[in-house]
Amino acid sequence: MSTLKKLAGQTAIYGLSSILARSINFLMIFIYTSYLNKEVVGSFTGIYALIGFLNIIFTYGMETSFFRFSTGKNLDPDKVYNTTQSLLITSTLILGSGLFLAAPWLAELLNYPGQAYLFRWTALILSFDAILAIPFAKLRLSNRAFAFAGAKMINVLLNVFFNLLLIVWFPLLISGGFMENGFLGYKLDWGVEYILLANLFANGLIIPYVWWKAGIFSFSLDKEIIRPMWKYSIPLLFMGLAGVTNELVSRLLFEYLLPANFYPGLSARAAAGIFGTSIKLAILMNLVIQAFKYAAEPFFFGKSSDKNSPQLYAKVMHAFIIFCSALMIAISVNLDLIAYLFPKGEGYDSAFFIVPILLMGYLLLGIYFNLSIWFKVTDKTKFSFWITLVGAFVSLIVIFTLVPVLGYLGGALSTLTCYLVMTALCYYYGQKHYPIPYQTGRSIVYLLFAFGLSYAGFFLTLDSLIFGFLAKNSLVVLFLILVGFLEKDELSALLGRKKLS
């Protein structure tokens, strides 16, 4: 139980900082929807989907490879760090330059004529992210959670500052006569441009700080380390691409697959903005999953040689499912309150009905992350390639088939079906090659019960705001009562009343 408490402590540090930082970042969607039009929000949705997709290519699984080769291969961790960071800097120069040169072509392809500069800035953002990936990973591996959390917070606060400066404060200065439109190159008609510039400035400024905290590295490309790392990481690249294919490609393709006038009065790009806003709400689940991942990945690898590690992995999975199921209900039943944070009459809440589906999809993504430990610790990462391939194929079929017919719902179902298929496949093959005693039946009961309560609370409507709030949130309590009844022995052990067998 002490090992679980240690993991919980690490997750709390990562979680508090990650949730705080991302919550601040998340709140920017309310700034965007208040100060920018739906077409700009749609551009933000699409371009950042592209950034998320390309980010996987720029880092190509090297974070996980760095953990594996620094802890389980009897190699000098400093030597692994130098080689991995040097390799990423080299590949980033190549990929970043290629994307920078391809910017005019990409702008025409994605219907941003004359705005090639957007994709040049995108190339720089991706390059900065890539050369920060391994220093951040080193902080996690060395259990320097506070240093990691501090750097992430500084980055987010810088990003928020530049967003507010460019999108809110400068226009106020212009309207007040303190500054002219065009002063220092400022343009009132820009929107997504300022979101990208804020990100670019924040990432560029944080590089020296993170490199200093992680420690100086010497440029070294050791072939004896690169070759096995490359073999290990390439399947992880495809696994990562599957995740973003489902999570991000629906946002990238949505406006191009939606038929004209599908939603009366909305352009396809404006509808993509509304769709992306609903996804942002569901990403609250991803905040918890990301915080858990930061702590769990090095923890899982560190315990891989322990003979009791399968039992430990099963306990972690079970606790994860219970917590995230309760979170899914809590978010879903309170969506009517969240709607008050958006501008009235803009229709952003018209797609809120897909949020519980998206939350379930992201919860399955978290389960998949837990399950995937079997092929990471056994070096059977080739399985990730096939699982990824199937998941991506399913996601694209659903996107191309259902978005033109069901609109928002089709995009949400692509998330759910892809992660459901990937989770099922990973579980099936994992139990064959590295059996872990998961409480599968009970976990499925929790998931289905939580999903049902989520929609019951979403559709529950009462005239009284206070009574409605109490009635909706009583469903969270109902779920916790079920958990308390089914998990009474484990809870007693956690409280020290008796030992688990």
Side-chain angles (χ1 to χ4, degrees), residues 50-73 75-106 116 119-142 148 151-152 155 196 199-241 243-244 297-298 376 379 381-382 384-385 388:
L50 178 65
I51 288 175
F53 188 84
L54 293 177
N55 185 263
I56 300 298
I57 296 175
F58 270 65
T59 54
Y60 49 91
M62 276 295 157
E63 287 177 276
T64 301
S65 298
F66 171 70
F67 286 129
R68 180 60 174 159
F69 281 76
S70 294
T71 59
K73 298 291 185 178
L75 296 170
D76 180 0
D78 290 334
K79 195 172 183 179
V80 174
Y81 175 67
N82 291 335
T83 298
T84 310
Q85 179 68 346
S86 301
L87 179 62
L88 265 183
I89 289 175
T90 302
S91 61
T92 295
L93 287 172
I94 296 171
L95 292 170
S97 298
L99 183 58
F100 195 91
L101 294 173
W105 170 80
L106 200 56
F119 300 97
R120 294 193 180 102
W121 298 345
T122 295
L124 292 174
I125 290 171
L126 286 162
S127 298
F128 289 165
D129 278 344
I131 62 177
L132 284 170
I134 301 305
F136 270 126
K138 186 181 179 184
L139 293 177
R140 291 165 57 196
L141 185 66
S142 56
F148 176 91
K152 286 289 185 181
N155 181 240
L196 289 169
N199 193 341
L200 182 59
F201 295 157
N203 284 15
L205 289 172
I206 201 68
I207 290 174
Y209 178 78
V210 176
W211 281 17
W212 169 60
K213 281 293 184 181
I216 303 300
F217 79 97
S218 58
F219 193 90
S220 173
L221 293 173
D222 190 325
K223 293 181 181 178
E224 298 304 315
I225 296 178
I226 290 175
R227 286 172 182 168
M229 283 188 77
W230 185 260
K231 183 179 179 180
Y232 183 87
S233 67
I234 287 303
L236 296 177
L237 164 64
F238 288 99
M239 183 178 71
L241 287 176
V244 296
E297 192 162 45
K376 292 177 182 177
D379 292 344
T381 52
K382 63 181 181 180
S384 71
F385 169 78
T388 296

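Residue numbers start at 1 and run along the sequence shown. Values reported hereafter were calculated over all heavy atoms of this structure, with side chains retained and with hydrogens, waters and symmetry mates removed. Small disclaimer: the values here were computed from a predicted structure and weren't measured.
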TODO: Search all heavy atoms of Ala123 against all heavy atoms of Gly96 and return the closest pair with its distance.
DONE: CB-O, 3.8 Å
Open item on the list: Can you list everything that forms a ring-ring contact (aromatic ring centres under 6.0 Å, His included) with Phe128? Sequence neighbours excluded, please.
Closed with: none
- [ ] Would you mind listing every salt bridge (Lys or Arg N to Asp or Glu O under 4.0 Å) that reaches into residues 78-106, with sequence neighbours excluded?
- [x] Lys79-Asp222
Open item on the list: When you compare the side chain of Met62 with that of Ser65, does any pair of heavy atoms fall below 4.5 Å?
Closed with: yes
Task: Under the side chain to side chain contact (heavy atoms under 4.5 Å, CB included) test, residues paired with Leu50 that sit two or more places apart - done: Leu54, Leu106, Leu110, Phe119, Leu252
Open item on the list: Is there a side-chain contact between Arg120 and Leu124 in this structure, where contact means two heavy atoms from C-beta onward sitting under 4.5 Å apart?
Closed with: no
Open item on the list: Would you compute the distance between atom OG1 of Thr92 and atom CG of Leu99 and round it to the nearest 0.5 angstrom?
Closed with: 11.5 Å
Task: Those residues that, when tested against Pro228, pass side chain to side chain contact (heavy atoms under 4.5 Å, CB included) (two or more places apart) - done: Phe69
Open item on the list: Using the rule side chain to side chain contact (heavy atoms under 4.5 Å, CB included), only one of Leu88, Ile206, Thr59 pairs with Leu132; which is it?
Closed with: Ile206
Task: Residue list, side-chain hydrogen bond (donor to acceptor under 3.5 Å, both in side chains) with Ser91, at least two apart or on another chain - done: Tyr60
- [ ] Sort and list the pairs that fulfil side chain to side chain donor-acceptor pair (under 3.5 Å) and have at least one residue in residues 122-139, not counting sequence neighbours.
- [x] Asp129-Asn203
Task: Contacts of Asn55 that satisfy side-chain hydrogen bond (donor to acceptor under 3.5 Å, both in side chains) - sequence neighbours left out - done: none
Task: Which residues share a side chain to side chain contact (heavy atoms under 4.5 Å, CB included) with Phe53, sequence neighbours left out - done: Ile57, Leu241, Val244, Thr245, Val249
Task: Under the ring-ring contact (aromatic ring centres under 6.0 Å, His included) test, residues paired with Phe100 that sit two or more places apart - done: none
Open item on the list: Restricting to salt bridge (Lys or Arg N to Asp or Glu O under 4.0 Å), what partner residues turn up for Lys231, sequence neighbours left out?
Closed with: none
Open item on the list: Suppose we screen for ring-ring contact (aromatic ring centres under 6.0 Å, His included). Which residues come up paired with Phe58, at least two apart in sequence or across chains?
Closed with: none
Task: Atom pair CG (Leu237) and OG1 (Thr64), whose distance is rounded to the nearest 0.5 Å - done: 11.5 Å
TODO: Drop me the distance from Gln85's CD to Thr90's OG1, to the nearest 0.5 angstrom.
DONE: 9.5 Å
Would you give me the side-chain donor-acceptor pairs under 3.5 Å for residues 209-218, sequence neighbours excluded?
| from | atom 1 | to | atom 2 | distance (Å) |
| --- | --- | --- | --- | --- |
| Trp211 | NE1 | Ile131 | O | 3.2 |
| Ser218 | OG | Asn82 | ND2 | 3.3 |

Open item on the list: For Val80 versus Ser70, what's the shortest heavy-atom pair and its separation?
Closed with: CG1-OG, 3.5 Å
TODO: Could you tell me the separation between the OH atom of Tyr81 and the CD1 atom of Ile225, rounded to the nearest 0.5 Å?
DONE: 14.0 Å
Task: OG1-CD1 distance between Thr84 and Ile89, expressed to the nearest 0.5 angstrom - done: 11.0 Å
Task: Close side-chain approach of Glu63 and Phe136, heavy atoms under 4.5 Å - done: no
Task: Side-chain donor/acceptor of Ser233 to backbone N/O of Gly61, under 3.5 Å - done: no
